[in-house]
Amino acid sequence: MSKREIVIIPGDGIGPEITAAVEKIIAASGADIEWIEHLAGLSALEQGLHVMPEETIEAIKEHKVALKGPCTTPIGKGFTSVNVQLRKILDLYAAVRPVRNLPGVTTRFSDVDIVIIRENTEGLYSGVENVVTPGVVMSMKVATEKACSRISHWAFEYARHRHRRKVTVFHKANIMKMTDGLFISKSKEASLEYSDIGYQEMIIDAGCMKLVQDPSQFDILLLENLYGDLISDLCAGLVGGLGVVPGANIGDREAVFEAVHGSAPDIAGKNVANPLALLMSGVMMLNHIADTEGREEFFECADRIKHSYDRALQEGDKTRDLGGTLSTTEFADALIKRIEAGN
Ligand code: NAI
């Protein structure tokens, strides 16, 4: 098989440190990849490019898959978020974020196994805001039948493919009767086509309480854009924090894999960031390529990486955010050593 060319976006803040670590670990796994580097965010602006450069978009269209570090969008300077732009331009409508307990990472709960599926293109992220009159501003929440129905079907298909048992929709249709009302009516409609999978609706405030009381009652969470963003971080907190939750943004043509966390400017350049969430996103990426392109060897590379971090965490090799002492590069080296030793 030929080398698989994949776009890599180092991003900003801790992005370059963690993408460098992840590239080294994926290379050690034996995955035959050629990384095609492109910029986005602050680093693109600093090179005199657009915050979301056209050439980065074109490269993702050409290669279909990208691994992306977190990007900083300057606030208050009129820039639309890099992430929102990327998801909209490529129509990456499904954000998938698996949240699971990891061996060796002790948290309040030990049985968390939730997949968050977030609608990625509309809701309050429509970017439609205006000044109604001086001192009064408005932000528009958009819901379309097409997008609500599409993400609902996607969630149920995912549930069936992965042998999951239940889809729970969090909403606030008691207040946002039209927008959230449409979201739940479309998800309910989709649920009728999947009688093998359970379906549940829950008002989001009660859902948050239940999540922190007993997360094991949830399987797949289906959410509109803003709720998905917030609940992802809440769920990250259940399993050890933002350093351990990966993600994928998937459309019908392209897929962009990235951690849930941001560019963490508070720890950037210190070699202390946890590269694990981006690495786990890389594992999702390898599995996605294996699944969609029949490159079975990528499944094996993904398994090797997964095995290495499970073992490392169990044996206490962790970064500071997980209570360990290893730096970003030391953690990466600890995984590479295990991959090379075959354990
Ligand atoms: P953040 O996720 O960057 O950081 C929140 C807290 O978690 C910080 O204390 C940080 O040090 C810690 N943290 C995050 N990732 C970590 C890691 N891998 N290892 C250890 N600790 C980690 O969120 P924040 O501070 O709200 O956002 C910072 C910037 O990131 C903003 O410009 C924001 O717009 C951007 N952002 C980008 C995202 C993306 O590119 N997908 C997603 C979220 C935020």
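These figures come from a predicted structure and were not determined experimentally. Remember, it's 1-based here, ligands and their atoms both numbered in the order they're listed.
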Exercise for the section: Please check if the side chain of Asp180 supplies one atom and the backbone of Lys172 the other of a donor-acceptor pair under 3.5 Å. Expected result: yes
Problem - Which residues share a side chain to side chain donor-acceptor pair (under 3.5 Å) with Glu122, sequence neighbours left out - result: Thr144
Exercise for the section: State whether the side chain of Asp91 and the backbone N or O of Gly251 hold a donor-acceptor pair below 3.5 Å, judged by distance alone. Expected result: no
Handout entry: Donor-acceptor contact below 3.5 Å, side chain Asp111 vs main chain Ser216
Key = no
Handout entry: Tyr93 six-ring face occupied by Arg253 cation (under 6.0 Å, within 45°)
Key = no
Exercise for the section: Heavy-atom cut-off of under 4.0 Å around ligand 1: list whichever protein residues fall inside it, by chain and number. Expected result: Ile14, Lys68, Pro70, Cys71, Thr72, Asn83, Leu242, Glu258, Val260, His261, Gly262, Ser263, Ala264, Pro265, Asp266, Ile267, Ala273, Asn274, Asp321
Exercise for the section: May I ask you to decide if the ring planes of Phe156 and Tyr199 are parallel, tilted or perpendicular, using 30° and 60° as cut-offs? Expected result: tilted
